[in-house]
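Below: one structure, written as structure tokens.
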Amino acid sequence: MNKAVYPGSFDPMTLGHLDIIKRASKIFDELTVSVLDNHSKTPLFSVDERVNILKEATKDIPNVKVESFSGLLVDYAREKDFKVSIRGLRAITDLEYELQIAQTNRMLSSGALDTLFLTTAAEYSYLSSSGVKEIASFGGDILGCVPRFVADLVYAKYGIDKHDDLAGEVHNEQK
Ligand code: PNS
């Protein structure tokens, strides 16, 4: 079976991530989206919450699985027999960081793990999880950045009640 892993922090998953998941799931028979359990970072969402968000967002895509991993990606990939890692490239500014990860993984795996880059859809090229968190923390509008149910969860983390705003948005969309 032709399979791949899409690793990341996904704190939280954005529409840009979802776009990459949808497109990668069409290229591979099976795509596993895997959340890095990184103890050195303090995330907004726990690993379980991030996994559940991804599961909910991808529930209609039958060949997508969601799980988490800790430690080195190459060890996890070897254990699960993933030979391809998917990453999204938003802009040239991502390239240095992404090349470093890709080359490191090729070196650490002796060439067993390759990285396949998908260019992020232009409309999502400005999106980042950290941007989403910053906007939400100040009560800004993140409805164009994440699915609605994720926006609710993000605002709840910051103790922001956006219920009225979101209801207004639904109303506007239905017009
Ligand atoms: O969404 P992110 O935070 O940009 O994803 C980065 C990720 C998870 C792909 C990368 O940090 C990773 O694979 N970390 C696991 C540890 C590892 O394998 N490090 C060596 C390669 S840099």
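What you see is a predicted model; the values in this text were computed from it and never measured. One-based numbering, in listed order, for ligands and for the atoms of each.
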Nearest non-hydrogen protein atom, [atom]:
| atom | result |
| --- | --- |
| atom 13 (O) of ligand 1 | L73 CB, 3.7 Å |
| atom 17 (C) of ligand 1 | L72 CD2, 3.6 Å |
| atom 22 (S) of ligand 1 | I101 CG1, 3.9 Å |
| atom 11 (O) of ligand 1 | L36 CD2, 4.1 Å |

Open item on the list: Looking at K22 and D19, is any side-chain nitrogen of the basic one under 4.0 Å from a carboxylate oxygen of the acidic one?
Closed with: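 No, this pair does not count.
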Open item on the list: With a cutoff of 4.0 Å, is Y97 in contact with ligand 1, counting heavy atoms of the residue only?
Closed with: yes
TODO: Mark the output for R87 as yes if a heavy-atom distance to ligand 1 is under 4.0 Å, and as no if none is.
DONE: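 Contact present.
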Open item on the list: Which of the numbered atoms in ligand 1 are under 4.0 angstrom from any heavy atom belonging to N105?
Closed with: 21 (C)
Task: Donor + acceptor pair across side chains of Y6, T32 (<3.5 Å) - done: no
TODO: May I ask you to check whether over 12 heavy atoms, not counting those of R87, lie within 6.0 Å of atom CZ?
DONE: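 Atom CZ in R87 is crowded, with more than 12 foreign heavy atoms closer than 6.0 Å.
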Task: Exam field: side chain Y155 to backbone I142, donor-acceptor pair closer than 3.5 Å - done: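 Side chain of Y155 to backbone of I142: a pair is present.
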- [ ] Assess whether side-chain contact (heavy atoms from CB on, under 4.5 Å) is satisfied between K65 and E30, documenting all intermediate values.
- [x] CA-CA 8 Å; K65 285 167 56 174; E30 186 178 282; 3.7 Å; yes
Open item on the list: Would T104 count as being in polar contact with ligand 1, using the rule that some N or O on each side must be under 3.5 angstrom apart?
Closed with: no
Task: Heavy-atom nearest neighbour of atom 15 (C) of ligand 1 within options S9, P7, S109, G71 - done: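 The option holding the nearest heavy atom is G71.
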TODO: Please answer: with hydrophobic residues joined when any side-chain heavy atoms are less than 4.5 Å apart, are L89 and L18 in the same cluster?
DONE: no
Task: Y76: which of S68, S85, S70, S34 passes side chain to side chain donor-acceptor pair (under 3.5 Å) - done: S34
